[in-house]
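Each remark here refers to the structure printed beneath this line.
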Amino acid sequence: DAEITQSPRHKITETGRQVTLACHQTWNHNNMFWYRQDLGHGLRLIHYSYGVQDTNKGEVSDGYSVSRSNTEDLPLTLESAASSQTSVYFCASSDNGQPNTGELFFGEGSRLTVL
Amino acid sequence: RKEVEQDPGPFNVPEGATVAFNCTYSNSASQSFFWYRQDCRKEPKLLMSVYSSGNEDGRFTAQLNRASQYISLLIRDSKLSDSATYLCVVTLNTGGFKTIFGAGTRLFVKA
């Protein structure tokens with residue numbers, strides 16, 4: 001069955017370190033997204049991609065970067081981790097004619113703690 | 001004002017009860033509407049889309065009121081397994097499509 005997987009599922013790191021969260025989908029979806037979820041907030045969009053070599057900033061993109069070299073993967077990099085980036089990160093994908101208007105399929109999440 | 005607002009709850013209801021959640025959105029240009037369900041420490045999953053005419057899926061009924069800019073979700077005959085957080089989701093086109101999630105409403109169904 002097609003799926004979307006994230007790794008690592010849990011990570012503890014120190015302030016200032018570079019961290020990369022992996023996201024891999026086998027749906028063959030064009031659209032991929034990274035969200036963070038914090039208590040009291042809805043899911044907030046960090047970065048998104050509508051296809052290979054396409055990347056776009058979301059509403060909370062500062063301190064994060066992504067790259068899209070193939071259809072399946074959208075890794076999220078925290079260049080220099082900060083305590084404010086402690087959160088649960090969800091990767092999602094979708095595939096329809098109009099990006100972001102259809103169902104989003106989420107990975108299981110990556111819980112990141114920055115000490 | 002948040003773009004999508006939900007009562008955070010929690011709603012504590014007995015099995016068999018009917019419970020309703022409301023969600024309001026601020027941008028009248030919003031185009032598509034959804035309810036997602038999220039179990040504790042799990043990923044969100046689509047529960048149902050919301051159409052202007054209203055739609056029903058088993059015990060779940062979703063309604064959209066564009067004039068008042070709110071969406072509702074009604075759950076009839078609540079089951080223990082309905083305990084979860086329900087996320088209201090709105091998409092709009094502001095030169096590019098944007099999906100906005102509410103913070104969610106927590107539901108606890110008790111025996």
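Below, chains carry the letters A, B, ... as their sequence lines are ordered, and counting in each starts from 1.
With a threshold of 4.5 angstrom between heavy atoms, A/Glu59 does not approach chain B through any atom at all. For B/Gln38, the part sitting under 4.5 Å from any heavy atom of chain A is the side chain, from C-beta outward, and nothing else. Neither the backbone nor the side chain of B/Pro8 comes within contact range of chain A; no heavy atom of the residue lies under 4.5 Å from a heavy atom of that chain. No part of B/Lys45 comes within reach of chain A, as not one of its non-hydrogen atoms sits under 4.5 angstrom from that chain. Proximity to chain A (any heavy atom under 4.5 Å) is shown, for B/Phe33, by neither the backbone nor the side chain.
The greatest number of non-hydrogen atom pairs below 4.5 Å with chain A, out of B/Gly102, B/Pro44, B/Gly104, is found for B/Pro44. By number of non-hydrogen pairs under 4.5 angstrom with chain B, the leading residue of A/Gly58, A/Gly107, A/Gly109 is A/Gly107.
Under the 6.0 Å cut-off for aromatic ring centres, A/Tyr64 and A/Trp34 do not qualify, their centroids lying 6.0 Å or more apart.
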Apply the test side chain to side chain contact (heavy atoms under 4.5 Å, CB included) to residues A/Glu72 and A/Thr26: give CA-CA distance (whole Å), side-chain angles for both, the deciding distance (0.1 Å), then the verdict. CA-CA 6 Å; A/Glu72 296 80 16; A/Thr26 58; 5.7 Å; no

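With respect to the salt-bridge test (charged N to carboxylate O, under 4.0 angstrom), the residues B/Glu5 and B/Lys2 do not qualify. Looking at A/Arg44 and A/Asp38, a side-chain N of the basic residue comes within less than 4.0 Å of a carboxylate O on the acidic one, giving a salt bridge. Looking at A/Lys57 and A/Asp62, no side-chain N of the basic residue comes within less than 4.0 Å of a carboxylate O on the acidic one, giving no salt bridge.
Between atom CZ of residue B/Phe108 and atom CZ of residue B/Phe11 there is a gap of 12.0 Å, rounded to the nearest 0.5 Å.
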